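This report concerns only the one structure given below.
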Amino acid sequence: MTDRRPPNGESVLGSCSGCGEEAALRDGLCRDCWYTSEDRPKPVRDRYAKLARLEELGVEPYAYGFDRTHTLPEALAAYEDGGGEEGPQVRVAGRVLSYRDLGGSAFGHVGDRSGRLQVYFKRDLLADADSDLLDLLDLGDWVGVTGPLFRTRTGEVTVRAEQLVLLAKTLRPLPFGKEEITEDGERVVHSGFANPEARYRQRYADLAVNPGVREIFEARAGIVRELRRFLEDRDFLEVETPILQPLYGGAFARPFTTYHNELDSTLYLRIADELYLKRLIVGSLDRVYEIGKNFRNEGIDRTHSPEFTMLELYQAFADYEGMIELAESMVSTAIEKVLGVTEREYEGTLIRLGAPWRRMTYRDALIEYGGVDPLEAELEELRREAEASGRSDAEDLPREKLIDVLFSARVEPHLLQPTVVYDFPIEISPLAKPKRGEPRLAERFEVIAGGSELINAFSELNDPMDQWDRFAAQACARAAGDLEAQPLDEDYLRALEYGLPPTGGLGLGVDRLIMLATGLGSIREVTLFPSLRPDEGAEE
RNA sequence: GACCGGGUAGCUCAGUCGGUAGAGCAACGGACUUUUAAUCCGUAGGUCGUGGGUUCGAUCCCCACCCCGGUCACCA
């Protein structure tokens, strides 16, 4: 595996191979020669030339600010309020989304974060300088417009521009599609910006031209806000714990490793917050939560990202039953507040996120969907079944791993509606308390929804003696080659020795919740800047 | 990591049974003072992902590699 160089171009001082001037060079050219080079796309060269013409006109192409009186949706509403022929005077700002030049006049739309508004430019009404500026306008430019609102012959509320201000000149064409509003009022975009790779790499362009993408991230922000509000209402304290950790734990995953020069020590990016949050419960902060990024050095696919957002919370004096109720209530409340409903179509199925959720034991789930009984099946049978499910190294896996493989392969894909699967095998739950009356099981549940894990929760193991034994078992698994087994955390054991009260804990994959809430089947669609391989040499 | 699909103009795509490529939109020039996928006339725009090979000739066929998507594996 060779390391890749960062995709940054080099900038050096020297003499320009185009004009010979001493300057900062890019590809051997000074800035002026670079932008006018035939290697640039024609639209970029054209727009660069317009900067010089703007300078001749005395127009500053990049403004410092603009006092608007209304956002675009507010301006539309202001006219409805007025109701008369001529509406109020407004000062609005936005990107030029469309432009229809009729000679002596022109129509265009400007757009901002949450709306669009038509602008009518009539040359007779504009100062000469503004009229000249109109000729230099491009799609994508940020402008400010001042004038009264009115309704056109076709009925659209529009600003009649009396003043036009350039706020920022675009040097590169944005990939706008053509928008058609059908008779049903539906918006159809023709030949828009759709290539997923380009959309992820240039998310700024994606957001600028695809309003639906902005809505995804507004919904995401809204849901996270409601999760916070729910927990605040229940007296949870929001905290921040280390991302750089000397030991990693709280999940089974391979970590990213880094190094601190001054401390001369290896550090890991956290794979979970768990062990730090429970230390806080020891410290009498009896209800805590954290929303933040976790990092796992694993594969990337539709439901996995190397960095992802996790909500973890811990509540003293609760057990896993309490966590089930909290999870149902928290998720359905947050989704309902933001979407107005608790259902959404996801991968062709209507997913109902409202409480209560279906419940079944881990054992019943494996019997029903996996065809094996995790408590009774012989090791050989488990090996056969795991192999039948495509696991080639089944010979080398211990019993609990085989069961876990079968759960992932056979059970999870069937659980589309949110399902509380509870009472997990104790061996794969090293931080959970044993189940009362059944020590082979742990008081742990997962919520599976849309075919993948959404929530993981348990009655937290607070017996330091038991935790000592579980760490020891993990150490054995590690010695046997299990790269995901958790290292022994002595400081965490010391914390437990100070006394962890009975505690319920829960982790929720925020990205996956957003996927379900928005109906989008890929974690990349709900991540602003998803992890992609560096795109070397992709300059244009 | 394996397999399948894809990478062609700024964007969305077509195409070449091997003879260096087209459309729509965007751009540029012109006409038009209530348009809204505006319309009309004209112009320009491409190392066909990268590097090799076969060939008189490769965007097309072959090989390798890169990137994206999907499926599987991995990720409790």
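By convention in this document, chain letters (A, B, ...) are assigned in the order of the sequence lines, proteins followed by strands, and residues within each chain are numbered from 1. Everything quoted here is computed from the prediction, not taken from an experiment. Keep in mind that the numbers below use all heavy atoms, side chains included, and drop hydrogens, waters and symmetry copies.
Taking only side-chain atoms of A:Asp301, from C-beta outward, the nucleotide of B:C74, B:C68, B:U12 with the closest atom is B:C74. Of the candidates B:C68, B:A26, B:U34, the closest approach to any side-chain atom of A:Thr152 belongs to B:U34. Across B:G69, B:U35, B:C11, the shortest atom-to-atom separation from the side chain of A:Tyr200 is found for B:G69. You'll find that the side chain of A:Pro196 is closest to B:G69, out of B:G10, B:U34, B:G69. Side-chain proximity of A:Arg524 to the nucleotides B:U12, B:A38, B:G70 is greatest for B:G70. In this structure, of B:C68, B:C11, B:A38, it is B:C68 that holds the atom nearest to the side chain of A:Glu197.
The residue from A:Tyr276, A:Tyr492, A:Tyr268, A:Phe295 that alone fulfils the ring-ring contact (aromatic ring centres under 6.0 Å, His included) condition with A:Tyr248 is A:Tyr268. Screening A:Asp138, A:Asp141, A:Thr170 for a side-chain hydrogen bond (donor to acceptor under 3.5 Å, both in side chains) with A:Lys50, the sole residue that qualifies is A:Asp138. Here the options are A:Phe458, A:Phe445, A:Phe407, the test is ring-ring contact (aromatic ring centres under 6.0 Å, His included), and the partner is A:Phe424; only A:Phe407 passes. Among the candidates A:Ile448, A:Ile324, A:Val447, the single residue satisfying the side-chain contact (heavy atoms from CB on, under 4.5 Å) test with A:Trp357 is A:Val447. Applying the side-chain hydrogen bond (donor to acceptor under 3.5 Å, both in side chains) test between A:Glu460 and each of A:Lys433, A:Gln467, A:Lys278 identifies A:Lys278 as the sole match.
OP1 and OP2 of B:G24 both lie 4.0 Å or more from every side-chain N or O belonging to A:Lys178. Distances shorter than 4.0 Å separate some side-chain N or O of A:Arg533 from OP1 or OP2 on B:C68. Contact annotation: A:Arg201 side-chain N/O to B:C67 OP1/OP2 distance is not under 4.0 Å. A close approach under 4.0 Å does not occur between any side-chain nitrogen or oxygen of A:Arg100 and OP1 or OP2 of B:U35. The shortest distance between the side-chain N/O atoms of A:Arg199 and the OP1/OP2 oxygens of B:C11 is not below 4.0 Å. For B:U43, neither phosphate oxygen OP1 nor OP2 lies less than 4.0 angstrom from any side-chain nitrogen or oxygen of A:Lys42.
As the counterpart of B:C32, no nucleotide is assigned, since no Watson-Crick or G-U wobble pattern has both distances under 3.5 Å. In a base pair of the Watson-Crick type (N1 to N3 plus N6-O4 or O6-N4) or a G-U wobble (N1-O2 and O6-N3), with each distance short of 3.5 Å, B:U43 is matched with B:A27. In this structure, B:U55 forms no base pair with any nucleotide, since neither Watson-Crick nor G-U wobble geometry is met with both distances under 3.5 Å. For B:G1, the paired base is B:C72 (Watson-Crick or G-U wobble, both distances below 3.5 Å). B:U20 is unpaired under the criterion used here, namely a Watson-Crick or G-U wobble arrangement in which both key atom distances are under 3.5 Å. Across all strands shown, B:A37 forms no Watson-Crick or G-U wobble pair with both key distances under 3.5 Å.
The main-chain N or O of A:Val421 is never found under 3.5 Å from a side-chain atom of A:Thr419 such that the two would form a donor-acceptor pair.
Along RNA chain B, the nucleotide closest to A:Pro175 and the one closest to A:Arg512 are compared, and the more 5′ of them pairs with A:Pro175. Annotation: of the two residues near RNA chain B, A:Phe193 and A:Arg45, the 5′-most nearest-nucleotide partner is A:Phe193.
Heavy atoms of A:Thr303 sit nowhere under 4.0 angstrom from any nucleic acid atom. A:Gly192 comes within 4.0 angstrom of the backbone, heavy atoms only, and of no base. Among the heavy atoms of the strands lying under 4.0 Å from A:Leu532 are primed sugar atoms or P, OP1, OP2 only; no base atom is included. A:Phe150 comes within 4.0 angstrom of a base, heavy atoms only. Nucleic acid contact for A:Asn456: base, since at least one base atom lies under 4.0 Å from a heavy atom of the residue. At the heavy-atom level, A:Glu400 lies nowhere under 4.0 Å from the strands shown.
Computed from coordinates, the A:Arg302 CZ to B:A73 C1' distance equals 15 Å when rounded to whole Å. Put simply, CZ on A:Arg153 is 13 Å from P on B:U33, counting in whole angstrom units. B:C32 atom C1' lies 12 Å from atom CZ of A:Arg123, rounded to whole Å. Atom CG of A:Leu97 is separated from atom P of B:A38 by 12 Å (rounded to the nearest Å). Going from atom CG of A:Asp101 over to atom P of B:G29 covers 11 Å, rounded to whole Å. What separates CG of A:Leu174 from P of B:U12 is a distance of 13 Å, to the nearest Å. Atom pair A:Asp138:CG and B:C11:P shows a separation of 17 Å (rounding to whole Å applied). In this entry the distance linking CD of A:Glu180 with P of B:U39 reads 11 Å, nearest Å.
Comparing the P positions of B:G7 and B:U59 gives a spacing of 15 Å, expressed to the nearest Å. With both ends at atom P, the span from B:A44 to B:U50 equals 25 Å, rounded to whole Å. Separating the C1' atom of B:C66 from that of B:U43 is a span of 37 Å, rounded to the nearest Å. Spacing between B:G46 and B:U35 at atom P, rounded to whole Å, works out to 37 Å. Annotation: B:C48 and B:A58 have their C1' atoms spaced 11 Å apart (nearest Å). Taking the C1' atom of each, B:A23 and B:A31 are spaced 24 Å apart, rounded to whole Å. Look at the C1' atom in both B:G5 and B:U47: the space between them is 26 Å, to the nearest Å. Comparing B:C74 with B:G6, their C1' atoms sit 24 Å apart, to the nearest whole Å.
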(request) Give the intermediate values and the outcome of salt bridge (charged side-chain N to carboxylate O under 4.0 Å, His left out) for residues A:Arg440 and A:Glu427. (result) CA-CA 8 Å; A:Arg440 291 181 298 172; A:Glu427 297 89 349; over 6 Å; no
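Under the stacking definition used here (centres under 5.5 Å, planes under 30°), the residue A:His190 fails to qualify as stacked on the base of B:G24.
Side-chain atoms of A:Ser389 and A:Arg410 form a donor-acceptor pair, as typed in the model, at a separation below 3.5 Å.
Interatomic distance, CD1 of A:Ile455 versus CE of A:Met310, reported as 10.5 Å (0.5 Å rounding).
Side-chain to base pairing of A:Gln118 with B:U35: one donor and one acceptor N or O lie within less than 3.5 Å of each other.
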